[in-house]
Amino acid sequence: MKTAETPFEFFTVSYLTRIGNQSAGTLSELLTGLNQCSDASIFHHTFQTLNSHHFLTEGFSNDFAQWAHADANREDLAEQLAALDVRDYLSIAALRSDLCRVVSEYCTANPTLAEQTALERFYFCEGLEVTLPFGLTARTLEEFRNGIAHLSHASFYFHFLSSRLRLQLQTNDFSHWLADGLGLGTLADSVNHIDIYTNTLDSARAKVLRLIDREGRKG
Amino acid sequence: MSEVAIASRIPLDDYAALLGQGEIDELRILAQPLRGRSIEMINSTAVGGGVAEILNRLLPLAEELELNMRWDVMTGGDDFYGVTKSFHNALHGAPYHAEPKDFEIFLACNDRNRSRLPLDAEFMVIHDPQPAALIEGRKEHANHWAWRCHIDLSHPNRQVWDFLNKFVARYDAAMFSSPEFSRSLDIPQYLFYPAIDPLSEKNRELESGFVSRTLAQYQIDPQRPILTQISRFDRLKDPVGVIRAYRIVKRYFDCQLVLAGGSASDDPEGAVVLKEVQSEANGEADIHIIELPAWAPLEVNALQRASTIVIQKSLREGFGLTVSEALWKKKPVVASAVGGIPVQIIHKHTGLLAHSVEGTAYQIRFLLSHPEIAAKLGENGHQHVKENFLITQKLKRYMTLFLAMARK
């Protein structure tokens with residue numbers, strides 16, 4: 001059994017939602033907010049919302065898209081915002097730029113709709129993060145599997161999704177360690193291809209475990 | 001001032017079956033750096049009201065995690081509670097003109113309580129406006145103070161808010177149940193949801209026999225769809241509007257309506273509203289108006305579990321935890337988009353929102369016509385509550401707040 005030189009250390013994360021002093025009642029106000037809000041706010045309404053709403057696997061992508069759909073009643077814009085996949089971004093700046101571009105183009109093409117008042121306001125918030133070691137480490141594939149099976153949702157999210165920004169790579173903590181620590185590049189790729197938008201955190205975790213089990217049977 | 005003793009304890013591991021062992025382990029991990037450090041919660045009542053109900057469930061869990069958390073209740077006379085009741089309504093936006101004497105009564109009571117309390121826990125959490133001025137007893141940089149506001153401050157009476165704000169501004173943080181309820185403040189404001197306890201009598205699983213007996217007791221037919229609104233008889237809960245929505249639905253579906261709420265016997269306004277509701281129902285056999293005792297958690301639980309659809313057609317609402325109670329039981333919910341309800345009902349994902357009698361009726365008809373969609377909304381709603389509105393999540397938020405405040 002392969003043993004990694006550097007162990008994988010499992011962490012967990014807990015978020016507090018900080019309410020900002022900025023809100024939007026129209027699409028043009030949303031655009032202003034998107035331009036001015038903090039990076040933490042963009043992260044909160046895109047990455048972090050996938051953690052708190054992971055059980056929604058149909059038609060929920062990020063808070064901006066949901067507001068455009070449910071409160072501003074602009075299905076076409078909602079669809080475009082929902083199509084932005086956080087896994088394609090290595091920085092919040094790039095994600096913010098695309099969010100602004102989509103809303104700006106829509107407002108330019110539909111100036112009247114841009115000023116229509118939505119049913120409810122959008123409140124810009126941001127997450128305050130506290131991370132702590134989960135108390136588990138792994139050097140082998142078996143220990144790694146047992147650790148993943150035992151994690152909380154927040155911990156799984158931390159390693160599988162929010163890690164992409166931390167690593168500044170188009171991968172996640174699990175895949176990164178599988179490839180670099182254990183030299184299991186194919187398994188790492190398969191894990192990285194699990195679709196977080198059409199899976200809950202539980203079903204994504206089950207898929208990771210199945211992939212590891214399959215790898216284990218080979219060895 | 002007295003410390004509240006908590007009677008019943010539920011072992012933390014009992015929650016593992018519902019939430020998963022990983023979630024429980026995570027609570028223990030977050031608690032570890034806080035062990036041995038003191039936490040004090042202060043509010044204005046030990047019994048009755050949502051805050052006391054939540055603290056009653058929160059403290060035993062904190063004890064399970066070996067957190068040194070205590071709960072003190074401030075004391076005050078009738079004059080103080082008279083003033084704070086007026087302040088409460090004014091902060092909700094009701095017309096009110098405070099006299100200088102009102103502020104004096106408020107300050108004098110806080111002063112008396114301040115002299116009785118050490119106020120020296122490392123983390124002080126003060127609930128709602130009544131004890132807000134206890135912050136005056138804070139020793140500079142000695143400990144961390146947070147103000148938990150459970151009421152909607154979106155349209156407060158200016159005079160009362162200006163008075164209160166002088167104290168709130170001295171806290172290290174404030175917590176609100178919805179972004180909409182918050183104010184523009186210089187201190188950090190956090191989102192703290194109210195919570196339900198999945199193992200309490202109001203929310204735990206029930207034997208089907210008990211549910212059947214409850215229906216039989218109130219002569220409700222289990223074979224036909226049951227639409228239910230649980231709330232006290234209050235115009236802001238719009239029970240008459242619920243009957244009107246039901247009548248529209250009734251044209252298309254042979255259903256029943258249950259309006260159940262706490263007894264109106266000690267609430268003169270409630271008794272008037274109950275009469276209005278009975279008058280609107282006009283003796284219709286399929287409208288069941290049920291006056292429950294003030295504390296009837298098992299009956300509420302049974303009525304919610306027996307429901308086909310749960311309604312919360314409030315005109316104004318604080319947070320509306322009855323929505324979370326219904327969602328936890330996997331019930332499809334049709335509710336008004338007011339107060340904290342849109343936080344719980346993500347439209348078309350965890351329930352359906354409505355803005356009128358006709359809209360409410362339409363959403364109910366839609367769900368009765370599409371039971372598979374109703375079931376999906378109920379399932380999503382259950383998960384939403386599990387992630388966000390359970391007492392274990394609330395404790396996690398508190399621990400995260402304390403860890404965040406301590407590292408500053």
Side-chain angles (χ1 to χ4, degrees), chain A residues 10-23 44 49 51-60 63 66-67 69-71 73 75 78 118-136 147-158 200-202 205, chain B residues 19-33 154 173-176 178-186 188-193 337-338 342 345-350 353 355 376 379-388 393 396-407:
Chain A
F10 292 97
F11 279 81
T12 192
V13 64
S14 184
Y15 288 102
L16 273 186
T17 301
R18 184 171 174 174
I19 305 166
N21 286 330
Q22 208 170 10
S23 68
H44 175 81
T49 200
N51 176 33
S52 48
H53 299 108
H54 69 92
F55 49 88
L56 300 176
T57 54
E58 292 165 25
F60 186 93
D63 292 341
Q66 176 63 20
W67 183 78
H69 158 71
D71 293 303
N73 200 23
E75 281 296 338
L119 284 170
E120 304 291 332
R121 295 187 73 78
F122 184 91
Y123 292 88
F124 287 87
C125 295
E126 59 184 55
L128 190 147
E129 182 181 294
V130 171
T131 52
L132 290 169
F134 203 84
L136 290 171
I148 290 175
H150 198 78
L151 294 181
S152 63
H153 280 160
S155 178
F156 185 81
Y157 156 83
F158 178 75
T200 65
L201 288 175
D202 286 330
R205 185 209 315 243
Chain B
L19 308 177
Q21 190 59 46
E23 306 300 321
I24 304 304
D25 290 347
E26 185 171 83
L27 288 174
R28 291 202 165 97
I29 289 162
L30 285 167
Q32 215 157 16
S154 55
M175 295 95 87
F176 294 91
S178 160
E180 209 181 324
F181 295 176
S182 65
R183 305 292 303 160
S184 185
L185 299 172
D186 289 334
Q189 300 179 78
Y190 298 108
L191 199 51
F192 260 60
Y193 300 129
V338 295
I345 300 288
I346 306 168
H347 188 50
K348 297 184 185 174
H349 288 295
T350 64
L353 293 173
H355 303 82
K376 179 71 180 165
E379 183 59 45
N380 283 346
H382 174 80
Q383 293 297 333
H384 189 34
V385 173
K386 188 173 166 181
E387 291 293 331
N388 296 294
Q393 291 298 325
K396 187 175 167 183
R397 264 180 216 117
Y398 270 119
M399 291 193 293
T400 308
L401 173 75
F402 300 146
L403 290 170
M405 289 204 298
R407 78 182 179 190

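Labels below follow one simple rule: chain letters A, B, ... track the order of the sequence lines, proteins then strands, and each chain is numbered from 1.
- When all heavy atoms of Ala337(B) and Glu120(A) are compared, the closest pair comes out as O-OE2, 3.3 Å.
- Considering all non-hydrogen atoms of both residues, His347(B) and Ala70(A) come closest at CB-CB, 4.2 Å.
- Of all heavy-atom pairs between Glu26(B) and Ser155(A), the closest is OE2-N, 4.0 Å.
- Only the backbone of Leu185(B) comes within less than 4.5 Å of a heavy atom of chain A; no side-chain atom from C-beta onward does.
- Comparing Ser184(B), Pro342(B), Pro179(B) by how many heavy-atom pairs each has under 4.5 Å with chain A, the most go to Pro179(B).
- Neither the backbone nor the side chain of Glu379(B) comes within contact range of chain A; no heavy atom of the residue lies under 4.5 Å from a heavy atom of that chain.
- Around CG of Asn73(A), the count of heavy atoms belonging to other residues, nucleotides or ligands within 6.0 Å does not exceed 12.
- Interface residue Leu151(A): only backbone heavy atoms are found under 4.5 Å from chain B.
- Atom CZ of Phe181(B) and atom OH of Tyr123(A) lie 9.5 Å apart (nearest 0.5 Å).
- A pairwise comparison of heavy atoms in Phe134(A) and Gly22(B) identifies CZ-O, 3.9 Å as the closest pair.
- The aromatic rings of Phe55(A) and His384(B) lie tilted to each other, with the angle between the two planes from 30° to 60°.
- Of the listed residues Leu403(B), Asp25(B), Leu19(B), Leu353(B), the one with more heavy-atom pairs under 4.5 angstrom with chain A than any other is Asp25(B).
- With sequence neighbours left out, Phe176(B) forms a ring pair (Phe, Tyr, Trp, His ring centres under 6.0 Å) with no residue at all.
- For a residue to count as touching a neighbouring chain, one of its non-hydrogen atoms must lie under 4.5 Å from one of that chain's; by this rule Phe124(A) does not touch chain B.
- Side chain to side chain, Glu387(B) and His54(A) meet the donor-acceptor criterion of an N or O pair below 3.5 Å.
- For a residue to count as touching a neighbouring chain, one of its non-hydrogen atoms must lie under 4.5 Å from one of that chain's; by this rule Ser182(B) touches chain A with the side chain only.
- With a 4.5 angstrom heavy-atom cutoff, Lys386(B) does not touch chain A via any of its atoms.
- Listed by chain and residue number, nothing satisfies the side-chain hydrogen bond (donor to acceptor under 3.5 Å, both in side chains) test with Tyr157(A) (two or more places apart in sequence, or in another chain).
- In this structure, the separation between CG on Leu132(A) and CD on Gln32(B) is 9.0 Å, given to the nearest 0.5 Å.
- The structure places CE of Met399(B) at 11.5 Å from CG of Leu16(A), a figure rounded to the nearest 0.5 Å.
- No part of Glu126(A) comes within reach of chain B, as not one of its non-hydrogen atoms sits under 4.5 angstrom from that chain.
- A distance of 6.0 Å separates OH of Tyr193(B) from OG1 of Thr17(A), quoted to the nearest 0.5 Å.
- Here the closest non-hydrogen pair linking Ala404(B) and Leu128(A) is CB-CD2, 3.3 Å.
- For a residue to count as touching a neighbouring chain, one of its non-hydrogen atoms must lie under 4.5 Å from one of that chain's; by this rule Arg183(B) touches chain A with the backbone only.
- Interatomic distance, CZ of Phe11(A) versus CD1 of Ile29(B), reported as 11.0 Å (0.5 Å rounding).
- Once rounded to the nearest 0.5 Å, the distance linking CG of Asn388(B) with NE2 of His53(A) reads 6.0 Å.
- Among all heavy-atom pairs drawn from Gln21(B) and His150(A), the shortest one is CG-CE1, 4.2 Å.
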Step-by-step side chain to side chain contact (heavy atoms under 4.5 Å, CB included) determination, Thr200(A) to Gln383(B)
CA-CA 10 Å; Thr200(A) 65; Gln383(B) 293 297 333; over 6 Å; no
